[in-house]
Protein chains: 2
Amino acid sequence: MQHTLVKNVLASEKIHQEYTLKGWVRSFRSNRFIALNDGSTIHNVQCVVDFEQMDKDILDQVTVGAAIEVKGTLKESQGSGQRVEIEVDEITILGTADPEDVKLTILSPKRHSLEKLREQAHLRVRTNTFGAVMRLRSMLSYAVHDYFTKNGFYNVHTPIITGSDAEGAGETFKVTTIDAANPAKNEDGSINYKEDFFGKETNLTVSGQLEAETFALGLGKVYTFGPTFRAENSNTSRHLAEFWMIEPEVAFCDLAGNMDLAEDFIKSVISYVLEHGKDDLEFLAKRQEQEDKQKPADQREPMSLLDKLNFVVENNFKRVSYTEAIEILKNSKPNKKKKFNYLIEEWGADLQSEHERFLVEKHFKCPVILFDYPAEIKSFYMRLNDDGKTVRAMDILFPGIGEIVGGSQREERHDVLLEKMKALNIPKEELWWYLETRKFGTCIHSGFGLGFERLVLFVTGMTNIRDVIPYPRTPLNAEF
Amino acid sequence: MQHTLVKNVLASEKIHQEYTLKGWVRSFRSNRFIALNDGSTIHNVQCVVDFEQMDKDILDQVTVGAAIEVKGTLKESQGSGQRVEIEVDEITILGTADPEDVKLTILSPKRHSLEKLREQAHLRVRTNTFGAVMRLRSMLSYAVHDYFTKNGFYNVHTPIITGSDAEGAGETFKVTTIDAANPAKNEDGSINYKEDFFGKETNLTVSGQLEAETFALGLGKVYTFGPTFRAENSNTSRHLAEFWMIEPEVAFCDLAGNMDLAEDFIKSVISYVLEHGKDDLEFLAKRQEQEDKQKPADQREPMSLLDKLNFVVENNFKRVSYTEAIEILKNSKPNKKKKFNYLIEEWGADLQSEHERFLVEKHFKCPVILFDYPAEIKSFYMRLNDDGKTVRAMDILFPGIGEIVGGSQREERHDVLLEKMKALNIPKEELWWYLETRKFGTCIHSGFGLGFERLVLFVTGMTNIRDVIPYPRTPLNAEF
């Protein structure tokens, strides 16, 4: 028989209607009140048992974590805390959960640390916090596809296994079928990659940008949304070895248009979850409030989660050139008082996380778009400005998160691009196809990359990136 | 200045309106008619030039492949073949395309083989055929997310890098940062994977199912849509080393519900493209018709592309048990006349592609769902039937494609699952977390995997899987 989702039962106006529900027991109070959850919503439905009418053997198996089927009638609730409840007619035990075993897990009804949740990542989606985070992650993911589709973009699945390190940024993972214990070798003792699956060295993509560009130069507006990889040995709360990235790429679009797109996109997907994810957001907002109470005043969030999200949606991002930003930083208190780990002394300095956070959190107190960076500290494919020393790059910085978007107008001039590649020793044999797109009807085009997990961090108010992805991959950790 | 997409100009009713368009020249006839395309649609917009009023230097650069900006006025077209056209006021050359160079590429305006398109995969999205295929692929991708979201599913990003070979099926790619030329070794000479990035051997996922199951057992209904990998040395028109897979997983759902879901899902996404991708589908239908004319009569498609898609949407899939299928095959003409490469002699035989095609294309002449397979030839996690010899597995077979879906009800009983793993030497240490989900409120649940490229093949009528993914990865090929 068909069952009804808890979400729909809780929203139902059909008092006296019979429902069948299936879910997991979150708690069972006074041999009378079962809190049942099926993952469709953060809220449990209260199922009220007349224990005198119920088989004791069955009731004994209604324990925390057990899967049960409940048949009953929708009633207006007499108790506080819920509008409706289910008056239970019949319970069927689907799967038991031994209370002694449950005690050892995060399913037991008490507050568990996020660290402990990570150790039991296969069960953590059954907790309120992680369940809410994962529902919001899913909503955000849909909002991404929805935004781009409604704005005329085509989704492109760029390759995950590639022969080139697109950005030359960071370490890559090798992909191979060669047996390291017994590899085929050349006469000079080097590995013979001709014997490898693809007949050459391959690795996991760090970005789909270059391939996405080839598609933008045919379909006009495209975006990718896929996994990307960095074999960096960074054990921080903001880095993952495997993460999901969103990369739109737009033909006939300059840097200003790129900034407009990024800002509109971010506001739109946040609006989407404000509209569709209210229950989960409210739960996480309360959670953050409680966490904050245990922190010293200066470490507390300046705004509640919902206020913060509404603020981002309702206010313009501040657009600041790199040159202006350097002036602000040079004259800032922490720079003058030598509080920065890296002091800002002159134009050309690469900005560190501490500088970005100062600009966003202390100086402007809103999302900031920095643009026109020194060419020296940015990638080869970025459009050189007429000043010959800056490129049309932009980074979007968010409070609490730091860089959430990195993008640029792309160098569309074949000769300039070729020179840049030569200067940086990027072999043109490897990127012949990328260069060729500049020979056949090249045009101004732009794009950006947005780290999806950083967006989820921002929206959920979580602070460790390991808590916003189902099974995080980090140095020395690929469990589950 | 903002430009308007060709798609929107062609749909416009605003005769005499001024428009700015940007795109690539597909052809330039009689120094008068520019066919302009910007990728937003399969159709070009005809831009009519009064060449006596136009700068000759500019006109000389309006060549096939060049990127141009056109300002002009929308007019009702006098010529046949289009409703409206643009009367050109001004042309700006954005990026030239040297006609001598263009001649060597697939951009040149003549019919190129699909093989040649693959060699120039960075340009092929600018051809009619591949452009149409990629727009339809994108629409299908959106339809997938839309279907699941509207039906209460949550999207889960299961890990790409894993420590386990989920299905034990097929070869996997290793993911490593170890230098094969100089790996860290243990005392016994074996590779010391403790020195590898994740501290152990890892590989690319072959399926997100097991992780998706853990999420279904908390969120209820979930789906994955991500890349999966097989290091099989199969150089066929139906296999890729890297492909995208859709894997829904549903708690409290049995095999019959799983079949209902799969059928409804497939019909729904095909309906979506029939509604939203009409122009591209019509183009590909015509293309297939033309291709067919050059084939012997018995190799032609029995239905036009659009008829085939409508047929799938409008008719029920035929549900046939494995046991029934074996009877049909045993008594079939090709079996009796020994035309099959693998003759069907008894119950328990694994079905080959030739058998599946016979059932679908000759016998039933419609999509077929085979179910209740022998346990011996299926995976460890499939629910054992009470007969003790079959499992609640199902495969969906499509004409021209073969297997497009493989799914099952999952074994939810801890003891049965453990026994099965023991019998197959699957170490329980590796899948402890998977086993544990059967200890804490286990329940009936089901899911399936659908190879996205096979769906795109079916919908576009293409015949080689390399032609429905941007940059195919196959043995000895990871170009671009």
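In what follows, every chain begins at residue 1, and chains take the letters A, B, ... in the order their sequences are listed. Since the model is a prediction, treat every value here as computed from it, not as a measurement.
- Between the CD atom of B:E436 and the CD atom of A:Q120 there is a distance of 7.0 Å, given to the nearest 0.5 Å.
- Ranked by heavy-atom pairs under 4.5 Å with chain A, the first of B:L94, B:D38, B:T149, B:T177 is B:T149.
- Between A:T214 and B:V125, every side-chain heavy-atom pair lies at or beyond the 4.5 Å cut-off.
- If you tally non-hydrogen atom pairs under 4.5 Å between each of A:N37, A:L204, A:V156 and chain B, the highest count goes to A:L204.
- The side-chain heavy atoms of A:I160 and B:F229, taken from C-beta on, include a pair separated by under 4.5 Å.
- Annotation: maximal heavy-atom pairing with chain B below 4.5 Å, among A:G39, A:G95, A:G441, occurs at A:G441.
- If you check the side chains of A:Y142 and B:Y142, you find a donor sitting under 3.5 Å from an acceptor.
- Comparing A:A180, A:G199, A:G131 by heavy-atom pairs within less than 4.5 Å of chain B, the highest count is held by A:A180.
- Applying the salt bridge (charged side-chain N to carboxylate O under 4.0 Å, His left out) test to residues at least two apart or on different chains, none of the pairs has a partner in residues 214-229 of chain A.
- Taking each heavy atom of B:D101 and A:K439 in turn, the nearest pair found is OD2-CE, 3.7 Å.
- Between A:K22 atom NZ and B:C253 atom SG the span is 9.0 Å, to the nearest 0.5 Å.
- For a residue to count as touching a neighbouring chain, one of its non-hydrogen atoms must lie under 4.5 Å from one of that chain's; by this rule B:L5 touches chain A with the side chain only.
- When heavy atoms are compared at a cutoff of 4.5 Å, B:L476 approaches chain A by way of both its backbone and its side chain.
- Taking CG from B:D146 and CG from A:D146, the interatomic distance works out to 7.0 Å, rounded to the nearest 0.5 Å.
- The candidate from B:I191, B:I469, B:D196 with the greatest count of non-hydrogen atom pairs under 4.5 Å with chain A is B:I191.
- Considering all non-hydrogen atoms of both residues, B:P470 and A:H157 come closest at CG-O, 3.4 Å.
- Of the listed residues (B:P159, B:G65, B:A97), the one with the most heavy-atom contacts under 4.5 Å to chain A is B:P159.
- Chain A forms more heavy-atom pairs under 4.5 Å with one residue of B:F148, B:Y434, B:W432 than with any other, namely B:W432.
- A donor-acceptor contact shorter than 3.5 Å is absent between the side chain of B:R135 and the backbone of A:Y154.
- The OG1 atom of B:T202 sits 11.5 Å away from the CG atom of A:N477 when rounded to the nearest 0.5 Å.
- Per-residue heavy-atom pair counts under 4.5 Å with chain A were compared for B:N155, B:T158, B:V64, B:I93, and the maximum is reached by B:N155.
- In terms of heavy-atom pairs under 4.5 Å with chain A, the best-connected choice from B:G220, B:A181, B:G152 is B:A181.
- Classification of the A:F252-B:W24 ring pair by plane angle, with boundaries at 30° and 60°, yields tilted.
- Here the side chain of A:K174 pairs no donor or acceptor atom with the backbone of B:V175 at under 3.5 angstrom.
- When heavy atoms are compared at a cutoff of 4.5 Å, B:R413 does not approach chain A at all.
- Looking only at heavy-atom pairs under 4.5 Å with chain B, the residue among A:L217, A:N233, A:D98 that has the most is A:L217.
- Contact annotation for B:S141: only side-chain heavy atoms (C-beta onward) come within less than 4.5 Å of a heavy atom of chain A.
- Residue B:L123 touches chain A through its side chain alone, counting heavy-atom pairs closer than 4.5 Å.
- Of the atoms belonging to B:T474, it is backbone heavy atoms, and not side-chain ones, that fall under 4.5 Å from chain A.
- Contact annotation for B:P227: only side-chain heavy atoms (C-beta onward) come within less than 4.5 Å of a heavy atom of chain A.
- Taking the six-membered ring where the residue is Trp, B:Y471 and A:W433 present tilted rings, their angle falling between 30° and 60°.
- With contacts defined as side-chain heavy-atom distances shorter than 4.5 Å, the pair A:M134/B:L219 qualifies.
- In this structure, CZ in A:F215 is found 10.5 Å from OG in B:S138, a value given to the nearest 0.5 Å.
- In this structure, the side chains of B:T96 and A:T442 stay at 4.5 Å or more apart for every pair of heavy atoms.
- The aromatic rings of B:F173 and A:F197 sit perpendicular, their planes meeting at an angle over 60°, well past the 30° parallel limit.
- In summary, the aromatic rings of B:F225 and A:H145 are positioned with their centroids too far apart to meet the 6.0 Å limit.
- Distance check: B:E479 CD to A:K200 NZ gives 4.5 Å after rounding to the nearest 0.5 Å.
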